[in-house]
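One-based numbering, in listed order, for ligands and for the atoms of each. Along the sequence shown, residues are numbered consecutively beginning with 1.
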Amino acid sequence: MRDAGGRLTYRFPFSPFPTGWYVVASLSELAPGALTARRFMGQEVVVYRTRAGVVCLADAFCPHLGAHLGHGGTVEGETLRCPFHDFRFDTGGVCVSTPYGHAPPGAARLRQWTVREKNGYVLAWFDAAGGPPTFEVPDIPVSDAWSAPWSEVRVIRSHPQETTENSVDVGHFSAVHKYTGFETRTEMVTAGPYLHARYSMLRDAGFSGRAGQRLRVEYDVHVHGLGWSFVEARVPELGLESRYFVLPTPLDGEHVEMRIATTVRSPEEPGRISPFLRLLPVAWVRAIIGELTWRAFRGDVSQDLEIWENKRYIHPPALAKGDGPVGRYRQWARQFYPENAHAEAPRVEAAQAAPSPIEVAPAAGAVVAPAL
Ligand code: FES
Ligand SMILES: [Fe+2]
């Protein structure tokens, strides 16, 4: 957003970089020995995987004389090698060798971020004050019955608090997504950094190949901080189960990298969906249902995008009966801004160099394939 002088201004009355866990890569992008440069929380970083398989996220600039490790740096065994003077750093950030034949300087410490691998994704912990993790993201149980995900990465102008608010903004489900028959199954509950809400709605059943028919879908929304949320969806009438992931990661003060993914469970009775499906191998049924589910989910997110990218954050909002627990959600979200919750909005000059508003990564379904 620009002011009258054409300067980019910050849109939100809170930090662009809330505390929490955020996805920085999918494991499938990182073969052993791979290294890639990223922007993360307004900083330059490199994400890489050692030959033994350890995934690391490190500051991009070498502590020796400042070379960018994403431009010529290489993974050598279990170390990261700087291209400028050949210093090598272990997975703890310690400089373990130089080519000079002397002990490496103790001050040559490369910052390594705290990372976790969850359901095929690499998450990094961010705390502006540099504190250690104060919560963990749980593993989501999977089995052979669950498909590999359909997934996509986009860069959008938004904020993780805004995109996650979408899951409690029940009014927009009908206005934007054309769902009907909204029901709250359980009131939104929170426990520290975790938020859980349960709804059910009627939606067009195109995801099951029955376009034009409306089916009731039950949703369980699970949010762990502002960077990791997933929704369990069930269609009792057809015995269908699917999961939707919405994973926003701040890049700079203006943009988030938004990963979305869908995975579906093999239906136990495909004949309930369509007599035709009963004739097909289970893997085919799952592939068909998964593709249709993915298209529907991707379509829903596309409907949100234009609103997210252009909206203003209203605080306090003019809430109406029927809005859902938006106010309680915003109260809950304040915990992720320990130092500057609702402080005066900062200017973000760095956003001048931000990427173009929407960049869709390579073809859908081929972008990332974490084993969820
Ligand atoms: S700048 Fe990295 S080794 Fe000198
Ligand atoms: Fe939405």
Side-chain angles (χ1 to χ4, degrees), residues 35 37 44-46 48 58-76 79-90 93-112 152 154 156 158-180 182 188 195 197 199-204 207 217 219 221 223 226 229-231 233 242 244-248 256 258-262 293-311 322-326 329:
L35 178 149
E44 306 264 347
V45 295
V46 289
Y48 65 96
D59 281 357
F61 297 105
C62 178
H64 176 222
L65 285 169
H68 194 300
L69 296 164
H71 293 270
T74 50
V75 177
E76 307 287 339
T79 66
L80 176 57
R81 174 189 160 275
C82 177
F84 203 4
H85 308 94
D86 219 5
F87 285 25
R88 295 176 193 220
F89 300 89
D90 68 13
V94 175
C95 180
V96 291
S97 72
T98 75
Y100 304 145
H102 306 296
R109 286 294 294 248
L110 178 68
R111 181 184 176 196
Q112 291 278 8
E152 179 182 280
R154 300 172 184 234
I156 63 171
S158 193
H159 185 288
Q161 182 173 321
E162 290 277 84
T163 58
T164 303
E165 185 173 288
N166 199 75
S167 56
V168 298
D169 173 2
V170 304
H172 96 288
F173 290 137
S174 57
V176 176
H177 303 306
K178 310 305 176 201
Y179 296 2
T180 54
F182 176 87
M188 181 190 102
L195 180 150
Y199 311 121
S200 79
M201 289 168 259
L202 292 165
R203 64 163 301 168
D204 184 274
F207 61 87
V217 185
Y219 296 94
V221 179
V223 181
L226 298 177
S229 68
F230 78 100
V231 178
S242 53
Y244 305 103
F245 290 76
V246 181
L247 309 167
V256 299
M258 173 64 88
R259 287 179 165 78
I260 58 172
T262 298
T293 300
W294 167 241
R295 286 185 195 178
F297 177 50
R298 197 162 171 260
D300 280 357
V301 175
S302 297
Q303 291 170 329
D304 289 316
L305 278 180
E306 187 174 357
I307 291 173
W308 286 338
E309 293 206 298
N310 296 289
K311 76 184 289 294
D323 272 331
V326 171
Y329 165 82

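- The main-chain N or O of E165 is found under 3.5 Å from a side-chain atom of Y329 such that the two form a donor-acceptor pair.
- The N, O or S atom of H172 lying closest to the Fe ion (ligand 2) is NE2.
- Atoms NZ and CD, on K178 and Q303 in that order, are 7.5 Å from each other to the nearest 0.5 Å.
- In summary, an N, O or S atom of N166 is located under 2.8 Å from the Fe ion (ligand 2).
- Listed by chain and number, the protein atoms of type N/O/S under 2.8 Å from atom 2 (Fe) of ligand 1 are C62 SG, C82 SG; waters are omitted.
- The NE2 atom of H177 and the OD1 atom of D304 meet at the Fe ion (ligand 2) at an angle of about 90°, given to 10°.
- Using a cut-off of 4.0 Å between Lys/Arg side-chain N and Asp/Glu carboxylate O, D300 and R298 are scored as not salt-bridged.
- Between Y100 and H102, the ring center distance fails the sub-6.0 Å criterion.
- Using cut-offs of 30° and 60° on the angle between ring planes, the pair H68 and H71 is perpendicular.
- H172 contributes a side-chain N or O that, together with a main-chain N or O of D169, makes up a donor-acceptor pair within less than 3.5 Å.
- At distances below 3.5 Å, at least one donor-acceptor pair connects side-chain atoms of H159 with backbone N or O atoms of Q161.
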